[in-house]
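Counting starts at 1 for both ligands and their atoms, following the listed order. Residue indices begin at 1 and follow the sequence shown.
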Amino acid sequence: MNKKLIINLSLALLLVLTFSVSSMAAEYTINAGIGLNDKSAQYESLEFFKELVEENSDGQIEVNLYHSSQLGDDREMMEALQMGVQEMTCPSTAPIAPFVNGFKVFDLPFLFPTHEAADYVLDGPVGQDLLKQLEDEGLVGLAFWENGYRQLTNSRNAVESPEDVEGLKVRTMENPMHLAAWREMGANPTPMAFGELFSAMQQGVVDGQENPWGTIYLQNFYEVQEYTTDTGHVYSPFVLMMSKKFYDKLPGDLQQVVRDAAQEAKHHNRRINREMNAAYLEDLKEVMTVTILTPEQKAAFQEAVQPVYEQFEDEIGAELIKDVQAQVEEFQAQQ
Ligand code: TK8
């Protein structure tokens, strides 16, 4: 057989092999759903995670992303992971509390003085132990990503003091800590899934809500809310999590690919989330009446919600609260 023919046959064989490998369906498919829309830092970070996983698994894993509660709200998606009918989600810690009670600790108001203090605790022994506890509930907690400091918006009046929220119908996440904190301030809180929130504000079912600046801007809440105040009353982490039924099917090397990608995307997520939240506050100043509290005004909110610590000490566990506070002090002492 002449040399030219051998080369042509080899090239043809190479083309066939290349095509067949790339078009070969991935062995594992991850369907990941979130509540925020596709402009959020959370979604952008999931795209970053997707690229890492597909590349580092050599195409053995494909990741499909779904935003804006397309697959359900936070609680529904966590239940889908438990059943093994969805592979990943990334809820705020507040709706995780019914699954693992200890996550309530992160809903204590004014717990973390800075983003960096939050990182230190979440990536430290206390946070990692809580992620581990998810496994008993059929969930694999891969990493703490960031939702951010929660800020109050409402359609009724400017808010400079707890007295200004008297009787305000505030939507909260489905978590008793949040309900208690707003009741302490004299508001009238209502728990509600995130996906129902915009229409509830539009129809006046609730007067207000609280979320980080990026969510307020990117979900167009300013279209139905006039006033916002930088209360920063709770720091909300997200938890990137996977169905344990799915995770356990992955061979060890692909489990490591997923874990490594979750960690690398965590750092990316925290960086862009902080940049975006700061930037969107400036944009919100163009479309809302923004109240920036003085330190004295913010202290009045801290004082108003302090009773929540005592109210929930037994339910959360005094030891866990003390451990988190000790970790925060340990971090502050290093600054
Ligand atoms: C999105 C929610 C949202 C949270 C809320 O799925 O419910 O207000 O802050 O980010 O997790």
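- L65 has its side chain within reach of K50: a pair of non-hydrogen atoms, C-beta onward, lies under 4.5 Å apart.
- Using 4.0 Å as the threshold, R150 has a heavy atom nearer than that to some atom of ligand 1.
- Contact check for M201 versus Q209: side-chain heavy atoms found under the 4.5 Å cut-off.
- Scanning the protein for heavy atoms near atom 7 (O) of ligand 1, the closest one is R171 NH2, 2.9 Å.
- In terms of protein heavy-atom proximity, atom 9 (O) of ligand 1 is nearest to N211 OD1, 2.7 Å.
- A side-chain donor-acceptor contact under 3.5 Å links R150 and S236.
- For the pair V234 and Y149, the minimum side-chain heavy-atom distance is 4.5 Å or more.
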Carefully, step by step, assess E62 and T29 under the rule side chain to side chain donor-acceptor pair (under 3.5 Å). CA-CA 5 Å; E62 68 172 344; T29 297; 2.8 Å; yes
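- Within ligand 1, counting atoms from 1 as listed, the ones closer than 4.0 Å to a heavy atom of L36 are 10 (O).
- Annotation for ligand 1: atoms under 4.0 Å from non-hydrogen atoms of F238 are 10 (O), 11 (O).
- Scanning all protein heavy atoms for the shortest distance to atom 10 (O) of ligand 1 gives N147 ND2, 3.4 Å.
- Between D260 and N56, the closest side-chain pair of non-hydrogen atoms is not below 4.5 Å.
- A single hydrophobic cluster is not seen to contain both M185 and V308; linkage of ILVMFWY side chains at heavy-atom distances under 4.5 Å, directly or through other members, places them apart.
- At under 3.5 Å, a nitrogen or oxygen of S92, whether backbone or side chain, sits near a nitrogen or oxygen of ligand 1.
- Looking only at heavy atoms of the protein, atom 6 (O) of ligand 1 is closest to D74 OD1, 2.9 Å.
- In terms of polar-atom proximity, defined here as any N/O pair under 3.5 Å, T215 makes no such contact with ligand 1.
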